[in-house]
Protein chains: 2
Amino acid sequence: MPDPDPVLPLLWRHNAPSADGAPRRGPKQKVSVDDVVDAAIDIADAEGLAALSMRGLAQRLNLGAMTLYTYVATRNDLVVLMVDQVLGRTALPAHPDDLRERLALVVRVQYDDCRAHPWLLDVTGVRAWLGPHMADRYEWQLGAVEGLGLDDIEMDQTVTLLATFGTGVARAEQAVRHAERETGMSDAVWWEANYEALGEVMAGHDYPLAGRVGTAAGEAYQAASDQRRELEFGLARIIDGLVAHIAERGR
Amino acid sequence: MPDPDPVLPLLWRHNAPSADGAPRRGPKQKVSVDDVVDAAIDIADAEGLAALSMRGLAQRLNLGAMTLYTYVATRNDLVVLMVDQVLGRTALPAHPDDLRERLALVVRVQYDDCRAHPWLLDVTGVRAWLGPHMADRYEWQLGAVEGLGLDDIEMDQTVTLLATFGTGVARAEQAVRHAERETGMSDAVWWEANYEALGEVMAGHDYPLAGRVGTAAGEAYQAASDQRRELEFGLARIIDGLVAHIAERGR
DNA sequence: TAACGACATCGTACGGCGTACGGAATATGT
DNA sequence: ACATATTCCGTACGCCGTACGATGTCGTTA
């Protein structure tokens, strides 16, 4: 059996100098792990996860680059800490009485977090649970679907469906922002600049539905897509489906 | 107004030497753009998008690294070409007669492509439409919801909902695979190795729902999650919701 | 046929990245 | 006072994308 993941104690802050009273040898750390992680979150919030470099982070903290490695073992571990820490910042609201509102809130909390910290969407391969705030989050999500007559598996699947949807819409939105930042022009400007070129290049091809729907969407949205509306539309459909399923289970 | 995106002609292959009869000066290209993109897809399929480097790709093609830049302007452009090219490989099936099957197929095609080429999930900020096969795909998706009484906006939103869900489930699955590759152990092994450590570290915290549901899920799935089941569960709920909405629109 | 100009190929180099390594400084335990 | 554990950090290695310029190869033109 392999060794346990060494990031776990750090995630749960079981080795903080202040946790046990025992003082450490050597110089005091200039900053705390939380300071490091908070600064990293600031950078990622402002410039994206790709722009978060160990050197840059160290500079912001007035540390040498390699000093960071006395706080975290690798950049990957740092990202794991960032995720858990940033999830801990949002206070989880009480579950509304109304079932539909309760389900919607799970989606909206997920969506809002991903909007506030788009780099969350770039984090790959963090195992579920893992950190205290991730665990809090999962516990809270399950609380929204407790006592509805669903079995444990269905509770997990329901929560996963809601969270996946919230994340998915946020990701679509981030994709647009990302493209905007990269090309330096808004969606609308990009389409204006490329409309003619697209027409030339597509000569001979025909997309009757896509052309019609794309034009209608573009006019309605004043952009190629509108994530707010998509959120409301999808949310309504998913909740309809879930409520019907729950009603059937309850019978 | 800014200049149009220079990758467009290449995407639609409007500057291929063989497209117009006019022969080019200078030496023939050793390989074709399609060869380059296909080789890049091979690498990304096998080792992920992060493992696709210009040097590595060039080596596989027996080219100098910089030679690639006579085929594509940047690595980013290459990725855009890869997306369109790989989408073109899957033949889009005819739409089934049954509505539910038609909607489900949109999800499954999306899901299957993302499973076959997980690096698609790592591509950020590709504008919709853009390439011929992306356009084909969108046209096909819209065809699944044509003639149901939905207006254009709702057609777009419906298709987006289905595609988002398929992508989302595939992404959850990829996250697990990614973690497995990184740590070199399967989900089950990881949990076995970390069960004790998690217990120690979580001492004092209590997660009644998460603990119960997580255990039940773990036993049922023999893993922390089961994307196949999640796909079926979510698909059923979403289709229920969509069909109800369509029925109401038709009235 | 010879010279020209466009194009493909590719070696070198620059500035970035994560991080392995080892030395110096600083605190505690003996 | 000394040993030891810990922090801090400069240097260096091997990656990355890609800017630049030299060199060779071809179609075109004189």
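These numbers come from the heavy atoms of this one structure, side chains and all, not from hydrogens, waters or symmetry mates. Letters A, B, ... are given to chains in the order of the sequence lines, protein chains preceding strands, and every chain is numbered from 1.
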Worksheet item: Are any of A/Lys30's side-chain N or O atoms less than 4.0 Å away from OP1 or OP2 of D/dC9?
Response: yes
Worksheet item: Heavy atoms under 4.0 Å, any strand shown: does B/Gly64 hit a base, just sugar-phosphate, or nothing?
Response: sugar-phosphate
Discussion item. Within the 3.5 Å criterion, strictly below it, is a donor on B/Thr90 or B/Arg137 matched to an acceptor on the partner's side chain?
Written reply: yes
Discussion item. For D/dT4, does the base pair up with any side-chain atom of A/Arg25 as donor and acceptor (N or O, under 3.5 Å, distance only)?
Written reply: yes
Worksheet item: A/Gln85 and side-chain contact (heavy atoms from CB on, under 4.5 Å): which partner among A/Val80, A/Val33, A/Leu11, A/Asp38?
Response: A/Asp38
Worksheet item: Can a side chain N or O of B/Lys28 be found less than 4.0 Å away from OP1 or OP2 on C/dC7?
Response: no
Worksheet item: Picking from C/dT19, D/dG17, D/dG24, which would you name as closest to the side chain of B/Pro27?
Response: D/dG24
Fill in: Contact nearer the 5' end of DNA chain C, comparing B/Arg55 with A/Leu52
B/Arg55
Worksheet item: Hey, does the side chain of A/Thr67 come within less than 4.0 Å of D/dT7's phosphate (OP1/OP2), counting only N and O?
Response: no
Worksheet item: Between C/dA20, D/dT18, C/dA8, which one does the side chain of B/Thr70 approach most closely?
Response: C/dA8
Worksheet item: Within the structure, does a side-chain N or O atom of A/Tyr71 lie under 4.0 Å from either OP1 or OP2 of D/dT7?
Response: no
Practice prompt. Output yes when a side-chain donor or acceptor of A/Asp77 lies under 3.5 Å from a complementary backbone atom of A/Val72, and no otherwise.
Written response: no
Discussion item. If you compare every side-chain N and O of B/Arg24 against the phosphate oxygens of C/dC7 (OP1, OP2), does one of them come in below 4.0 Å?
Written reply: no
